[in-house]
There are 2 protein chains.
Amino acid sequence: MGTIYDLAKKTGFSITTVSKALNNYKDVSEKTRAKILQAAAEMDYLPNAHAQSLSTKKSWAIGVMFSEANEVGMKHPFFNGIIESFRHATEEHGYDLIFASRNLRNRDMSYLEHFKHRAVDGIVVICSDRMDEQVQELMQSDIPIVVVDMDSANCSVVYSDNTAGARLAVEYLYGLGHRAIAHIAGDSSIDAGAARVKGYELAMQALELPIQPGYLVNAGFFSVEEGKRAMEKLLQLPSPPTAVFVAGDQMAIGAIEAVHEHGLRVPEDISIIGYDDIEMIKYITPKLTTIRQDTDEIGEAAAELLIEQMTAKERRTERRVIPVRLIERASCAPVKK
Amino acid sequence: MGTIYDLAKKTGFSITTVSKALNNYKDVSEKTRAKILQAAAEMDYLPNAHAQSLSTKKSWAIGVMFSEANEVGMKHPFFNGIIESFRHATEEHGYDLIFASRNLRNRDMSYLEHFKHRAVDGIVVICSDRMDEQVQELMQSDIPIVVVDMDSANCSVVYSDNTAGARLAVEYLYGLGHRAIAHIAGDSSIDAGAARVKGYELAMQALELPIQPGYLVNAGFFSVEEGKRAMEKLLQLPSPPTAVFVAGDQMAIGAIEAVHEHGLRVPEDISIIGYDDIEMIKYITPKLTTIRQDTDEIGEAAAELLIEQMTAKERRTERRVIPVRLIERASCAPVKK
DNA sequence: CCTCTTCCCGAAAGCGCTTTCGGTAATTTG
DNA sequence: CAAATTACCGAAAGCGCTTTCGGGAAGAGG
């Protein structure tokens with residue numbers, strides 16, 4: 001493969017000139033540049049990224065901290081859409097993604113430390129647990145950063161318009177004639193969960209619907225099982241809801257399961273609307289009506305916000321809220337008279 | 001953060017000694033090592049990975065080439081399980097994963113070139129298209145490599161026991177009394193597809209069942225739509241099968257859809273068995289019976305094979321075939337009399 | 001013909017770290 | 001007590017690249 005020294009020897013120029021030719025400096029004539037590029041091609045020369053980073057202080061690498069919760073990691077059906085789109089967007093600008101371990105030759109270190117060690121140009125955190133110490137540490141560092149799916153006053157963030165989405169859902173159910181509308185919520189320690197609760201409450205208030213006791217149930221961390229348990233609670237109520245807005249598709253799947261096991265039908269007996277629009281809900285029965293979060297858009301926005309900071313080499317803080325939209329499928333129906 | 005020079009200045013020792021202390025060389029006394037480590041902790045010293053890699057020729061990074069086909073990327077429901085487990089396994093040994101772009105400051109380059117540029121210690125390719133030029137190039141390089149989900153004579157590979165899995169599926173259907181067993185296959189250009197076809201044929205032969213004309217249909221690249229179309233072909237046959245072994249869960253989902261649209265039921269009218277055991281099939285109706293590929297095991301095996309090579313700093317070629325197993329759910333039933 | 005620009009090129013320092021090879025001081029051995 | 005080990009430490013070269021700065025040659029201007 002060779003180094004610029006080899007190129008210098010081969011072409012007879014100095015390594016300075018070789019380096020300049022390779023980097024399009026203008027103080028090298030076209031003729032010598034051509035010779036050098038030719039020689040480089042002949043010997044399959046490739047610059048060594050480590051050497052470059054060392055001397056330029058730029059690594060062209062983005063550190064990613066990805067959903068660590070409950071072992072799902074890259075299997076996370078919503079986040080993996082975001083990271084995919086983020087990857088695409090950053091790739092076009094020449095950045096590589098590095099998934100760091102917290103393990104440096106035995107000694108374990110924090111994500112921040114590892115990212116500093118690797119000298120990444122920026123960081124993206126896609127992880128909904130704002131209370132995570134590691135996340136906190138990253139947000140307080142001075143490395144360019146963008147955080148997805150949670151809010152923060154002192155770093156760039158991008159997330160969906162969760163309250164608007166929740167209102168959309170409630171208003172849609174209302175439009176179908178429903179008045180007894182419950183909400184299976186995600187935990188409020190997660191921004192998205194809290195925002196959707198807020199949207200639910202605002203919408204109910206705007207529609208002058210009181211929230212009946214027991215109609216707002218916290219189902220924790222968005223899993224199928226938790227959604228199922230939450231729905232069971234609703235079904236046990238003296239007067240169960242005719243429609244429920246579920247804060248996440250996975251929980252909605254669990255909710256539907258609970259309804260079925262209770263001998264009722266969706267949507268004939270109970271309407272269910274989810275949130276996220278993950279892949280699999282197109283294949284369940286009934287196909288889930290949901291609020292779609294635009295993962296492509298989110299990933300791209302995150303990339304944009306981060307790249308800006310990295311090229312400016314300074315931390316900025318900008319908030320980007322991505323609109324959502326209702327996807328009508330088959331899990332909601334007009335209320336039974 | 002500081003460098004070893006700062007540490008040297010602060011402690012009064014030479015940078016040589018500092019470096020040695022940090023790297024547990026034994027020709028530095030306990031006393032001075034303690035002082036240096038102390039100082040390092042005080043100034044939050046972190047070694048610079050680029051400098052280290054430059055001088056040691058070891059980057060502690062693994063380049064990953066991940067499913068590029070049809071824009072799914074990290075959303076691939078089977079591969080993302082593998083990469084997650086692979087990540088876990090390599091993390092414990094101190095390796096980071098780097099998802100490279102093929103874009104180096106405008107000029108585009110191959111994956112191999114990019115990986116050389118980044119000086120990764122090893123490469124993992126998780127991507128089923130063996131004909132991909134990029135994959136070929138990687139397999140022929142001299143960097144330690146492990147390839148998942150396809151076979152090759154000249155590099156380490158790990159994949160599931162696809163023929164055994166196919167036989168398992170066919171024998172299971174046979175055991176339920178089925179004799180008219182069809183196979184919706186993945187394209188033979190993909191190793192997994194070809195192996196499953198082979199397993200299907202072997203099993204049918206062993207059971208002395210002739211493969212009726214039209215019973216073996218190539219459905220291409222494992223998508224829901226292709227599976228659906230394939231099933232439609234089967235349903236148009238003069239005597240349609242009573243059971244079909246589908247080479248992938250996504251295709252099986254499509255197949256079930258086709259059956260339903262045809263006014264028939266699964267499994268009452270037609271039994272369907274899938275392959276992979278991806279997350280979502282637990283939530284469709286009916287829950288899909290399938291052959292589970294152990295993504296955890298595959299990822300771990302791949303990690304092991306690669307780490308061996310990287311520590312030995314030499315390319316090796318070993319084949320690891322991971323056993324599969326039948327997961328019985330609700331999409332298969334005894335044949336109707 | 002001389003001076004002033006402009007155009008090219010290269011010396012050298014620096015990025016932060018590792019590792020070989022000696023050398024001194026302290027310790028052990030005969 | 002002299003000689004031979006042993007224990008510690010440091011100088012220096014090297015990893016592959018970038019970038020500042022200065023200098024020579026060629027062309028422009030008077």
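In what follows, chains are A, B, ... by sequence order, proteins preceding strands, each numbered from 1.
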Whole-Å distance between [N] [atom2] and [X] [atom1]?
{"X": "A/K58", "N": "D/dC17", "atom1": "NZ", "atom2": "C1'", "value": "17 Å"}
{"X": "A/I15", "N": "C/dA11", "atom1": "CD1", "atom2": "C1'", "value": "9 Å"}
{"X": "B/H50", "N": "D/dT18", "atom1": "NE2", "atom2": "P", "value": "14 Å"}
{"X": "A/N24", "N": "D/dT18", "atom1": "CG", "atom2": "C1'", "value": "14 Å"}

I want to verify a distance call: between [options], whose nearest atom is closest to the [X] side chain?
{"X": "B/L54", "options": "D/dC17, C/dC17, D/dC15", "answer": "D/dC15"}
{"X": "A/T32", "options": "D/dG16, C/dC9, D/dT18", "answer": "C/dC9"}
{"X": "A/Y25", "options": "D/dC17, C/dG16, D/dT19", "answer": "D/dT19"}
{"X": "B/T56", "options": "C/dC8, C/dT18, C/dC17", "answer": "C/dT18"}
{"X": "B/T16", "options": "C/dT19, D/dC17, C/dA11", "answer": "C/dT19"}
{"X": "B/Q52", "options": "D/dC17, C/dG10, C/dT18", "answer": "C/dT18"}
{"X": "A/K20", "options": "C/dC17, D/dG16, C/dC9", "answer": "C/dC9"}
{"X": "A/Y5", "options": "D/dG16, C/dG16, C/dA11", "answer": "D/dG16"}
{"X": "B/N23", "options": "C/dT18, C/dG16, C/dC9", "answer": "C/dT18"}

Answer yes or no: is there a donor N or O on one side and an acceptor on the other, between the side chain of [X] and the main chain of [Y], under 3.5 Å?
{"X": "B/R87", "Y": "B/G299", "result": "no"}
{"X": "B/E113", "Y": "B/S110", "result": "yes"}
{"X": "A/H93", "Y": "A/Y95", "result": "no"}

Checklist entry - Are B/H114 and A/D96 close enough that a side-chain donor and a side-chain acceptor fall under 3.5 Å? => result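 Present: a donor and an acceptor within the cut-off.
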Next on the checklist: I'd like to know if the side chain of A/S19 pairs up with that of A/T16 as donor and acceptor (distance under 3.5 Å, no hydrogens or angles considered).
Outcome noted: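 Per modelled atom types, A/S19 and A/T16 side chains form no pair under 3.5 Å.
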Checklist entry - Of B/G2 and A/G12, whose nearest nucleotide on DNA chain C comes first from the 5' end? => result A/G12
Checklist entry - Would A/R320 and A/S156 satisfy side chain to side chain contact (heavy atoms under 4.5 Å, CB included), going step by step from the backbone distance to the final call? => result CA-CA 8 Å; A/R320 204 93 126 216; A/S156 281; over 6 Å; no
Could you pull out the protein-nucleic contacts involving nucleotides 4-6 of chain D (nitrogen or oxygen on both sides, under 3.5 Å)?
none

Checklist entry - Would you call the rings of B/F115 and B/Y111 parallel, tilted or perpendicular if under 30° counts as parallel and over 60° as perpendicular? => result tilted
Can you tell me if [X] touches the phosphate of [N], counting only side-chain N or O atoms and a distance under 4.0 Å to OP1 or OP2?
{"X": "B/S29", "N": "D/dC9", "result": "yes"}
{"X": "A/S55", "N": "C/dC15", "result": "no"}
{"X": "B/S19", "N": "C/dT18", "result": "yes"}

Next on the checklist: Here's a test of your reading of the structure: between B/D27 and A/T17, which maps to the more 5' nucleotide of DNA chain D?
Outcome noted: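 Mapping each residue to its closest nucleotide by heavy atoms, the 5'-most match is B/D27.
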Checklist entry - Taking for each residue the nucleotide of DNA chain D with the nearest heavy atom, is it A/I4 or B/V28 whose nucleotide lies nearer the 5' end? => result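 Its nearest nucleotide lies further toward 5', so the answer is B/V28.
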Checklist entry - Can you list the steps and then say if B/H50 with B/S53 is a side chain to side chain contact (heavy atoms under 4.5 Å, CB included)? => result CA-CA 5 Å; B/H50 298 298; B/S53 302; 5.8 Å; no
